[in-house]
Engineer: 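Can you keep this structure in mind? I'll have questions shortly.
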Amino acid sequence: MAKACDMDRQNQLNAAQREAVETLSGPVLILAGAGTGKTRVITHRMAELIRRGTPPERILSVTFTNKAAREMRERAVRLLGAGRKPHPHVSTFHSLCSHILRQEIWRLGYPAEFVILDRGDQESQARTALRDIRVAEEKLRPADLINIISRWKMVGVEPEAAAEAAQNPRDVLAATAYRRYQKNMKASASVDFDDLLLLTSRIFENFPEALSRWQARFDHVQIDEYQDTNGIQFDLVEALVRPHHNLCVVGDDDQSIYGWRGADLRHILGFAEAFPGTRVIRLQDNYRCTDQILQLANNLVRHNKSRHEKHLIPHKFASQSVRYLEFPDDIKEAEHVVREIQYLVNEQQVLPGDAAILFRTNEQPRVFETQLRKARLPYVVLGSMSFFDRREIRDLLAYLKVLWRPEDDISLLRIINVPARGIGATTTEKIMARAVLNRQKFWDASAEAAAAGAIPKKMADALVAFQQLLNRFRADCREHPQRLDEILSRLIEEIGYEAEIEKQYKEPPEQLMRMAVVEDLVKTLKDYCAQAAEPSLGGFLEEAALTGKDEQGDKDDKLAETGVKLMTLHSAKGLEFSRVYLVGMEEGLLPHKRSIDDMTTAAIDEERRLAYVGVTRAKDYLTITRAARRMKWGRTIFTQPSRFLNEMRAAHPTLETKDE
DNA sequence: CTGATTGACGTTTTT
DNA sequence: CGTCAATCAG
């Protein structure tokens with residue numbers, strides 16, 4: 001909303017922006033500092049390309065999040081006029097690759113109907129892969145394995161290469177598990193998030209005819225948030241633009257915060273070497289922050305060594321726009337911030353939606369939520385624990401997955417006894433043991449086990465009854481793909497899921513909340529059916545897997561605009577707010593303890609960039625806070641002020657300490 | 001098989 | 001402190 005206003009207000013582009021918009025061919029690197037209008041530039045550039053005769057569908061813009069993609073599409077429509085069709089392609093790397101893989105994955109021996117695993121399914125896969133392996137005394141939790149595999153995949157390491165490179169027992173274990181994991185994934189026609197990129201890159205590498213088909217689809221490619229590009233993403237882009245080099249990347253090396261996910265600063269720092277003839281354009285006019293906020297940001301990021309030199313020029317001047325506050329403990333910190341917002345809302349006609357509370361870790365918002373509820377201020381926690389991570393949603397999605405693909409045993413095992421229907425762990429394990437032994441699917445193994453009298457008659461009957469229920473609903477879904485939401489409602493009713501919620505959760509308010517979540521899923525499915533050209537369970541599940549966090553219901557959308565926003569610094573990337581509260585400015589939190597222990601300057605530099613991102617989200621007022629004491633695992637720990645405070649304060653006397 | 005209780009264990013960041 | 005797995009009595 002704020003962005004739309006900016007756009008109307010300054011209909012003009014400044015000289016650098018105009019240059020960026022009008023440099024249309026060959027490689028272009030736009031170094032766009034925080035708040036310099038890069039999203040605007042990318043959109044205008046698309047419009048300009050179209051105006052000069054490029055067919056819209058031959059332009060591809062890649063964004064970092066689905067939300068950013070949606071926003072950019074909306075902007076493009078506004079700029080080009082709604083009647084204009086078709087529109088340029090705007091998508092994330094993951095959606096793009098998923099789309100490509102639908103058509104090309106058969107080349108790698110996968111069935112075309114692959115499924116994208118969500119985080120929960122991925123964990124079960126990791127758990128299976130880890131079962132019964134032990135290397136020396138080394139142990140690995142599924143979550144750790146997922147992280148290790150992800151890091152390997154992002155730099156293109158195959159299981160065999162991982163095994164060869166393994167140095168210590170931990171790596172050996174991880175490599176063995178990786179091999180199994182990947183084998184199981186292929187066998188069950190599943191891909192994880194990283195596979196979407198990795199497999200697409202493999203196809204481009206090994207099947208020239210496939211690559212040239214995709215190369216021929218796009219004349220111009222633009223990449224946003226280029227500083228967060230990892231090795232695989234670079235390979236993909238490089239392959240796509242190889243024939244013409246019409247590649248425009250936009251980014252800010254000072255805002256690179258995804259190193260832990262394989263993002264490599266060398267891609268933006270060395271872009272001009274990788275693409276000879278690159279035109280470099282710098283956007284340095286900052287229209288977002290006040291001069292004071294900008295000065296803090298500059299003081300801070302100056303301490304990083306490897307970066308493109310930039311001088312952000314402020315265009316907004318105000319006094320008293322930055323503050324630093326210290327509190328005795330984390331509860332007082334939250335109390336004060338919330339009380340202040342409440343005061344501003346009541347007395348100064350500030351909207352709750354103008355304020356954002358930014359923090360480093362996901363355990364921090366808890367205290368703030370309690371206070372916000374107490375103050376009866378509307379708020380949203382964005383990013384973290386999302387709709388699709390909730391237990392109810394995962395259960396019901398597992399049902400839908402089993403309906404979509406009868407052979408999806410992972411999902412089946414999740415729900416076979418949810419709600420409890422007398423098919424317990426002993427029975428399922430017996431059947432699964434058989435299935436693994438005979439390389440069968442669950443239902444085949446179950447039928448054989450029943451025939452052989454290996455399981456009690458009562459169980460066998462329960463199993464058959466459940467299988468018939470699934471078959472009935474499956475047929476229903478196939479026959480009425482327009483009314484999937486009604487079918488889901490009936491399913492929920494028939495399996496008695498609401499009674500299950502009542503049994504699981506004793507408190508009525510909690511029950512209501514959980515049921516509302518279930519309602520939301522039905523509604524999401526309804527919306528999908530209404531909007532999709534050819535609705536199917538598969539289509540819905542793919543959308544759910546890809547867009548997960550962003551695509552919450554309308555109700556949440558509205559709240560996201562009008563409520564106080566709480567989010568991690570990572571999710572705040574690319575956003576801006578009138579008032580920012582950057583909380584928990586302490587050693588151990590920002591920079592995080594893990595990065596301090598890492599003992600490398602690179603790790604601290606990334607934390608510093610994180611702080612930089614936080615500071616530069618603020619348009620008018622920035623409040624930085626710290627708690628001297630904080631509860632962790634039920635214990636009190638004492639904290640030190642973050643080193644970044646000193647770095648910012650160095651040339652900035654207005655940042656004095658005020659005790660409460 | 002189910003439900004309740006105990007105990008160990010750990011927490012960066014996310015498409 | 002909160003989560004999750006393991007354990008035990010119905």
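Chain A is the first sequence line, chain B the second, and so forth, proteins listed ahead of strands; every chain is numbered from 1.
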Engineer: Between Glu607(A) and Met459(A), which has a closest nucleotide on DNA chain B that is more 5'?
Structural biologist: Met459(A)
Engineer: Please figure out whether Arg141(A) or Phe193(A) has its closest DNA chain B nucleotide nearer the 5' end.
Structural biologist: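 Between the two, 5'-proximity favours Arg141(A).
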Engineer: Between dT15(B), dT13(B), dT14(B), which nucleotide gets closest to the side-chain atoms of Thr361(A)?
Structural biologist: dT13(B)
Engineer: Rounding to a whole Å, what distance do you find between Gln227(A):CD and dT15(B):P?
Structural biologist: 15 Å
Engineer: Considering only side-chain heavy atoms of Arg366(A), which listed nucleotide, dT15(B), dG2(C), dC1(B), is closest?
Structural biologist: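 Closest nucleotide among those given: dG2(C).
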Engineer: Starting at CD of Glu369(A) and ending at P of dG2(C), how long is that distance when rounded to a whole Å?
Structural biologist: 13 Å
Engineer: How many Å lie between NZ on Lys632(A) and P on dC9(B), as a whole number?
Structural biologist: 18 Å
Engineer: Can you check the Tyr258(A) OH to dT15(B) P distance for me, whole Å?
Structural biologist: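 Checked: the OH to P distance equals 6 Å.
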Engineer: dT3(C) P sits how many Å from Asn362(A) CG, rounded?
Structural biologist: 14 Å
Engineer: When you measure from the side-chain N and O atoms of Asn417(A) to the phosphate of dT2(B), is any distance below 4.0 Å, counting only OP1 and OP2?
Structural biologist: yes
Engineer: dC4(C) and dT13(B): how far apart are their P atoms, nearest whole angstrom?
Structural biologist: 15 Å
Engineer: Cation over ring, Arg102(A) on Phe114(A), under 6.0 Å and within 45°?
Structural biologist: yes
Engineer: Should Thr65(A) be listed as having a side-chain N or O under 4.0 Å from OP1 or OP2 of dT14(B)?
Structural biologist: no
Engineer: Without decimals, in angstroms, what is the distance between Arg594(A) CZ and dT13(B) C1'?
Structural biologist: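 Rounded to the whole Å, the gap is 11 Å.
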Engineer: Would you mind reading off the distance between Lys153(A) atom NZ and dT15(B) atom P, rounded to a whole angstrom?
Structural biologist: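 Answer to the nearest Å: 18 Å.
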Engineer: For the base of dT15(B) and the side-chain ring of Phe93(A), does the geometry meet a stacking cutoff of under 5.5 Å between centres and under 30° between planes?
Structural biologist: no
Engineer: Which whole-number value in Å describes the distance from Arg421(A) CZ to dT2(B) P?
Structural biologist: 10 Å
Engineer: Only one of Asp194(A), Asp195(A), Asn230(A) passes side chain to side chain donor-acceptor pair (under 3.5 Å) with Lys153(A); say which it is.
Structural biologist: Asp195(A)
Engineer: Nearest to the Thr427(A) side chain among dT13(B), dT15(B), dC1(B), which nucleotide is it?
Structural biologist: dC1(B)
Engineer: Is the ring pair Trp152(A)/Tyr178(A) parallel, tilted or perpendicular, if the boundaries are 30 and 60 degrees?
Structural biologist: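 Correct class here is parallel.
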Engineer: Which of parallel (below 30°), tilted (30 to 60°) and perpendicular (above 60°) describes Trp443(A) and Phe466(A)?
Structural biologist: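 If you compare the ring of Trp443(A) with that of Phe466(A), the planes turn out tilted.
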Engineer: Is there a side-chain contact between Ser571(A) and the phosphate of dT13(B), meaning an N or O under 4.0 Å from OP1 or OP2?
Structural biologist: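 No, outside the criterion.
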Engineer: Are more than 12 heavy atoms from other residues, nucleotides or ligands located less than 6.0 Å from atom CZ of Arg373(A)?
Structural biologist: yes
Engineer: Considering only side-chain heavy atoms of His94(A), which listed nucleotide, dT15(B), dC1(B), dT14(B), is closest?
Structural biologist: dT15(B)
